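Before any comments, here is the structure.
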Amino acid sequence: MQRIGVFVCWCGSNIAATVDVQRVAEELKKEPGVVFSADYQYMCSESGQNLIKDAIKEHALTGVVICSCSPRMHENTFRKAAASVGLNPYMVEIANIREQCSWIHKDKATGTEKAIILGRAAIAKVHLNAPLIAGESPVTKRALVIGGGIAGIQTALDIAEAGFEVDIVEKSPTIGGKMAQLDKTFPTLDCSACILTPKMVEAAQQEKIKIYSYSEIDEVKGFVGNFSVKIRRKARYVKEDICTGCGLCTEKCPQKKVPNEFNMGMDNRRAIYIPFAQAVPKVATIDPNYCTMLKTGKCGVCSKICGVKAIDYTQQDEIVEAKYGAIVVATGFNPISPAKFDEFAYSQSPDVVTSLEYERLMNAAGPTNGTLLRPSDGKHPHTIVFVQCVGSRCDGAEKGKPYCSKVCCMYTAKHAMLTREKYPDTDVYVFYIDVRTPGKNFDEFYRRAVEEYNVHYIKGMVGKVVPENGKLKVQAADLLSNEQLHIDADMVVLATAVEPDPSARSLATKLTASMDTNDFFTEAHPKLRPVESPTAGVFLSGMCQGPKDIPETVSQASAAAAKVIGLLVKDKLVGNPCVAHSDELLCNGCSSCEKVCPYGAITYSDKEFRMPDRTTALRRVAAVNPAVCQGCGACTVACPSGAMDLFGFSNNQIMAEVDAICK
Amino acid sequence: MENKANLKEQILTASGVNPLKCMRCGKCSATCPSYDEMEYHPHQFVYMVEKGNIEPLLQSESLYTCLTCFACVERCPRNVQPAKLVEAVRLAVIREQGANHLKPQDIPALLDPDLPQQAIVSAFRKYAK
Ligand SMILES: Cc1cc2nc3c(=O)[nH]c(=O)nc-3n(C[C@H](O)[C@H](O)[C@H](O)COP(=O)(O)OP(=O)(O)OC[C@H]3O[C@@H](n4cnc5c(N)ncnc54)[C@H](O)[C@@H]3O)c2cc1C
Ligand code: SF4
Ligand code: SF4
Ligand code: SF4
Ligand code: SF4
């Protein structure tokens, strides 16, 4: 029989207001095996912990039940306290009487009754607990960063700076992300390329960083400290180590009509291309959807032109397998397509553009070499209407996104200001619902657009845009003057909502990392662990976790790097002893458990077993690798013969808890 | 006061609209083809009903100049459905007066060959109980 101590916490009034803690302590004192029971204001405080330690020593406790907040909060605190006086930490059980009891009940009698029941369940479990000893696993001192936008680049640079190897896997032919496409950046209006490209170059030159461009993640196995990842290096039909990036091939390729994604499809590139002048790596890539040689076997111009014989039409995808201690997700975002909002006539007129397209139209390396020209006729626009919140702040998925995209108020102010600065003869209107500009020097920036640059900010929305006789007829509401406006515009710019990259969801599945309903990666705690995912060893950087501008992205990127460094400096990680194990006598080798294990922890072997009458039989049985098992318990449910069980959460322990609750 | 609250309740129930969902973007009024004909514009309808300021709406010609085109319903980013509110206020007036503004037997005389069927149906919905 265990000697159990029960400790009921008030949590100030968090628990004590809805649970009669004294009664809980008294009632639980009557349970079999309970030799000590007390209540206290704050169990987690130092004096609370001392109360536990003293009781363990004084009453020779073999098990401890703490009725308090969720084990996610203080399980560790109490386990450490127990261990410090020689009690195995896995003999401590928490009954969650706060999140699962006091916070959700209003009536004190009900709350108290439930707290007693939860306490009884924990006591029933402790009776079956056995001391467990955690194993250790080594840490692979190399990090993987998925996504090479500003977030991924910054994270990789910081990790490399601390002396660890980092690989960046970027799905497009170059790193840089959206920031490479921007013209100037708020709030200081420095040229985006001028501040980004030095970082791209640094990433390329940093010995500790390896860039896998034009590559994707195929498979992720393992766990914190020991991930094993398959990276697919997509065939670019150009030998990366030989190509000098001279660009001759991209001038001679006869396939000229390929929409250029870097300029948002507003001009064309060739089938063999280098995305932009400062691309890293500066290597050509053949687009297999357009290359005539790859499609019909006839052409081969680029291979004839290339002086260093870098072209290889027979190249295949290559799978690289590598081990990592930590993984950082930095897959960023995309603007949504405005197709769903055809009241703005995006599909009807080339002069209705998205803000990212507008960035390209203002950019010296863009399709118009930085001169603002209307896409339809190449003329200078004189009246431009900006529409904010397109597809953001909507109710219900069929309308758009429920969240505020956060960056569009500021970049619209930027676009309006830059337009008025460069072309003072242009009339610029911005239709807004609210102007949201929290951030250092942000509101001042917006006010400058109004006060110094005379941008017409109008509180209201655009209702519809009708292309007519070379103009865009804009019908809008001016809510403050209570009138409907009709503006003949030359261009309309839509500040479209941002959304996570479409590849993010399948990546989350591979990483067993969780996402919210909008497909943004979820952080482990919205306030206290903002750069960690709930999956140990997986960290978050940049827009993939939620809308944010460059300053915030970079801060988060460095924070994620700090977390990674904190992990990689460790030589060993203390594992979780609550792992699965199989009872070989019950196992029938059916493979059910192997199929459900997300970590690949289960293997099979043929083993000899003694049978009646001194015979032996060879049977296939499952074995769990305790270093790989994360204790998720999937196998224990899948096993049809009940051979799989979890240390610390055995079927017996759980049934004992259920019995105690149902008694 | 109680009557006022009742009227608001009645209109909200009849329309199924929750004006608290409105974020005051004005897209309904931006899109409304009958804007200049309306004394109170769709976004104002939503706000006035929310505040329980319904008396002026009951008196307003706006009830009959709304075309029931539902453009505001289609475009509202928050699914508020302003036109349904306009319709509910209209119904409240008609119910109060206990009179139909349009009787079925009056329709043939008013028919115009260019008038779309939808307009007749919607007029009927608007002016009759
Ligand atoms: C029109 C516009 C103007 C803006 N102007 C400003 C401004 O002036 N100032 C400012 O501070 N912010 C501005 N922003 C915001 C800024 O663009 C973002 O804060 C920043 O780009 C976020 O960086 P990121 O690295 O998180 O994402 P991204 O830039 O999107 O980078 C993500 C990278 O990951 C790669 N990737 C995605 N999925 C995968 C995958 N599965 N595997 C491998 N790689 C993958 C992508 O190819 C991309 O290279 C603007 C945004 C827009 C839309
Ligand atoms: S493939 Fe050859 S021609 Fe093309 S950029 Fe590379 S080195 Fe130059
Ligand atoms: S940042 Fe501004 S424009 Fe963008 S969704 Fe939020 S409020 Fe609208
Ligand atoms: S339904 Fe009425 S209020 Fe709504 S847009 Fe049409 S005319 Fe305007
Ligand atoms: S469009 Fe919808 S959210 Fe916007 S003001 Fe009108 S009712 Fe309110």
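Quick note: numbers below take in every heavy atom, side chains included, and nothing from hydrogens, waters or symmetry partners. In what follows, every chain begins at residue 1, and chains take the letters A, B, ... in the order their sequences are listed. Because the structure is predicted, anything quoted here is derived from the model rather than measured.
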Shortest non-hydrogen pair, B:Val73 vs A:Lys399, comes out as O-NZ, 3.5 Å

A:Leu479 vs B:His41, side-chain contact (heavy atoms from CB on, under 4.5 Å): CA-CA, chis, key distance, verdict:
CA-CA 10 Å; A:Leu479 295 182; B:His41 306 120; over 6 Å; no

Tell me, side chain or backbone of B:Gln44 under 4.5 Å from chain A's heavy atoms, or both, or neither?
side chain

Neighbour count >12 (heavy atoms, 6.0 Å) for atom CD, B:Glu61
no

For B:Thr31, which residues count as a side-chain hydrogen bond (donor to acceptor under 3.5 Å, both in side chains) partner, sequence neighbours excluded?
B:Arg75

Please flag which part of A:Asn482 lies under 4.5 Å from any non-hydrogen atom of chain B: side chain, backbone, both or neither.
both

Take atom CD in A:Gln348; do more than 12 heavy atoms of anything else shown fall under 6.0 Å from it?
yes

Distance check, rounded to the nearest 0.5 Å: A:Cys389 atom SG versus B:Met23 atom CE?
6.5 Å

Before giving the answer on side-chain contact (heavy atoms from CB on, under 4.5 Å), spell out for A:Ile433 and B:Arg24 the whole-Å C-alpha distance, their side-chain angles and the decisive distance to 0.1 Å.
CA-CA 7 Å; A:Ile433 307 176; B:Arg24 325 225 190 279; 5.9 Å; no

Only heavy atoms, only distances under 4.5 angstrom. Which residues in residues 457-478 of chain A are near chain B?
A:Lys459, A:Gly460, A:Met461, A:Val462, A:Gly463, A:Lys464, A:Gln475, A:Ala476, A:Ala477

How about NZ on A:Lys340, more than 12 heavy atoms from neighbouring residues, nucleotides or ligands closer than 6.0 Å, or not?
yes

When B:Gly26, B:Ala71, B:Cys72 are compared by non-hydrogen pairs under 4.5 Å with chain A, the top option
B:Gly26

Please answer whether the main-chain N or O of B:Asp36 pairs with a side-chain N or O of A:Gln484 as donor and acceptor at a distance below 3.5 Å.
no

Does a sphere of radius 6.0 Å around OH in B:Tyr35 hold more than 12 heavy atoms from other residues, nucleotides or ligands, not counting ones at 6.0 Å or beyond?
yes

